[in-house]
Amino acid sequence: MSFPVSRPRRLRRGDLLRTMVRETDLAPSDLIYPLFVCEGKGVTKEIPSMPGVHHHSVDTLIDEVKAARDEGVPGVILFGIPASKDARGSGAYDAQGIVQRALTALKEKVPGVVLIADVCLCEYTDHGHCGVLEGGDVANDPTLDLLARSALSFARAGADIVAPSDMMDGRVAAIRRTLDEAGLEKTVILSYAAKYSSAFYGPFREAAESAPRSGDRKGYQMDPANAREALREVAADIEEGADIVMVKPALAYLDIVRQVRDRFDVPVAAYNVSGEYSMLVAAAERGWIDRPRAILESLTSIRRAGADLILTYFAREAARLLTHPAKA
Ligand code: PBG
């Protein structure tokens, strides 16, 4: 069937018809909201490289999470800004650490939202690497125990999901074993399975004060040129016990999201990272791009590529746009 019998424009006539034949949907329930928690009281400090994103102390975090929940966002992921850092990242597995206290407070004060804790040492180490250093190198196996201790302390503090983002080999197995031995077999593992060594994390590193002091993360995060390797990473994490796998970043890696979706049956998440956020915000601030449309188009593209869940700093704004298209 070809023109003039076939006229694809027929199905594009009017909003209602377009809605009926739309292939991909985007809903607030697809979104996970990343948040930064710091020490103090009454703190909402804007991150200069991420306008609209803040460091929150536990009290203001509670309000932010309530607001997100009330707008229909079902989950939040927490990143900690500890008061002090050391070589072994002990804040990550301190029962009184900043994220642990935030989780306990949220569990009590904000029911009805899934609490996710990012598991990594980079926010807690004074050298800024995601694991412990031995001879200038990030040592894999000695890091596993610390990551597992961190995941365990987050789960004990109230995390429903732990999300290892460090890219050490074998960390999902180590975390699963430790959780199960502690009777926390119900805690979900969302692994950052295919996490690339990306320039798009720039603003996050300012936000989390986690840029490595020396060297880079190319010895553990993936080479952006590799796709087959991502499938091996995902297969390994599922084998080790990951319940949900993530591809990160999202927009420059939509082909990876699609391949992971096609190859595996577990839920797939994608992380619309800080650089993706800040580029869009900066262009919109200059009037070069229509912010609401660009947000929804970006998030829809991530869903279209096959992601079930999207971690995005736009979560609240997108939820509002989806619920009240006219108002937002
Ligand atoms: C590491 C971690 C990073 C992000 C989430 N977890 C940064 C990194 O690897 O340097 C990046 C998130 C973003 O850019 O929004 N714990």
Side-chain angles (χ1 to χ4, degrees), residues 31-37 47-55 75-82 85 89 91-93 97-99 116-132 138 143 146-147 150-151 154 159 161-168 171-172 175 189-224 233 245-253 269-282 295 298-299 302 307 309-315:
L31 307 175
I32 294 172
Y33 189 29
L35 289 160
F36 298 96
V37 57
I47 298 153
S49 57
M50 300 178 75
V53 178
H54 302 84
H55 285 177
V76 297
I77 179 165
L78 300 185
F79 296 94
I81 320 290
K85 308 192 183 207
Y93 40 90
I98 183 64
V99 168
I116 308 172
D118 181 85
V119 177
C120 193
L121 298 189
C122 68
E123 297 127 65
Y124 305 93
T125 51
D126 49 14
H127 46 72
H129 277 289
C130 301
V132 289
V138 175
T143 300
L146 304 183
L147 294 168
S150 180
F154 291 149
I161 302 182
V162 291
S165 66
D166 52 281
M167 288 301 279
M168 296 303 120
R171 89 272 209 220
V172 173
I175 289 170
I189 299 179
L190 187 177
S191 81
Y192 290 64
K195 177 174 178 182
Y196 287 87
S197 173
S198 172
F200 295 105
Y201 306 150
F204 174 96
R205 291 183 186 174
E206 178 180 326
E209 298 161 5
S210 67
R213 283 253 199 96
S214 62
D216 53 41
R217 301 207 206 289
K218 292 183 186 155
Y220 40 106
Q221 298 182 347
M222 284 183 55
D223 183 334
E233 282 281 7
V245 294
M246 179 152 56
V247 174
K248 177 184 171 192
L251 291 176
Y253 297 85
Y271 200 142
N272 179 222
V273 299
S274 58
E276 299 171 4
Y277 173 86
S278 298
M279 284 193 301
L280 199 160
V281 169
I295 291 172
S298 301
L299 298 178
I302 299 167
L309 296 167
I310 306 171
L311 288 74
T312 179
Y313 302 96
F314 291 120

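Both ligands and their constituent atoms are indexed starting at 1 by order of listing.
Taking 4.0 Å as the cut-off, Y277 does not count as a neighbour of ligand 1 on heavy-atom distance.
The option from M246, K248, R205 that lies nearest to atom 3 (C) of ligand 1, judged by heavy atoms, is K248. Considering only non-hydrogen atoms, atom 15 (O) of ligand 1 lies nearest to Y313 out of Y220, Y313, Y196.
For F204 and F79, the ring centers sit closer than 6.0 Å to each other.
The atoms of ligand 1 that sit less than 4.0 Å from any heavy atom of Q221 are 8 (C), 9 (O). Under a 4.0 Å criterion applied to the non-hydrogen atoms of C122, ligand 1 contributes the atoms 1 (C), 16 (N). Listed by atom number, the atoms of ligand 1 under 4.0 Å from Y271 heavy atoms are 12 (C), 15 (O). Heavy-atom contacts of E123 reach the following atoms of ligand 1: 16 (N) (cutoff under 4.0 Å).
The shortest N or O to N or O distance between K195 and ligand 1 is under 3.5 Å.
When hydrogens are left out, the protein atom nearest atom 16 (N) of ligand 1 is S165 OG, 3.0 Å; that is the closest non-hydrogen contact. F204 CD1, 3.3 Å is the protein heavy atom nearest to atom 12 (C) of ligand 1. From the protein, the heavy atom lying nearest to atom 14 (O) of ligand 1 is S274 OG, 2.7 Å.
At least one side-chain heavy atom of R217 sits less than 4.5 Å from a side-chain heavy atom of R205. Side chains of M50 and E206 form no contact here, defined as non-hydrogen atoms less than 4.5 Å apart. Side-chain atoms of L190 and M246, non-hydrogen and from C-beta on, do get closer than 4.5 Å to each other. Annotation: side chain of V281 is in contact with side chain of F314 (closest heavy-atom distance under 4.5 Å).
Cation-pi geometry between K195 and Y201 is met: under 6.0 angstrom from the ring centre, within 45 degrees of the axis.
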Apply side-chain contact (heavy atoms from CB on, under 4.5 Å) to the pair E276 and Y271, showing each step before the final yes or no.
-> CA-CA 10 Å; E276 299 171 4; Y271 200 142; over 6 Å; no
Assess whether side-chain hydrogen bond (donor to acceptor under 3.5 Å, both in side chains) is satisfied between Y192 and D166, documenting all intermediate values.
-> CA-CA 8 Å; Y192 290 64; D166 52 281; over 6 Å; no
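Here D118 has side-chain heavy atoms under 4.0 Å from ligand 1, and that is the only part of it that gets that close.
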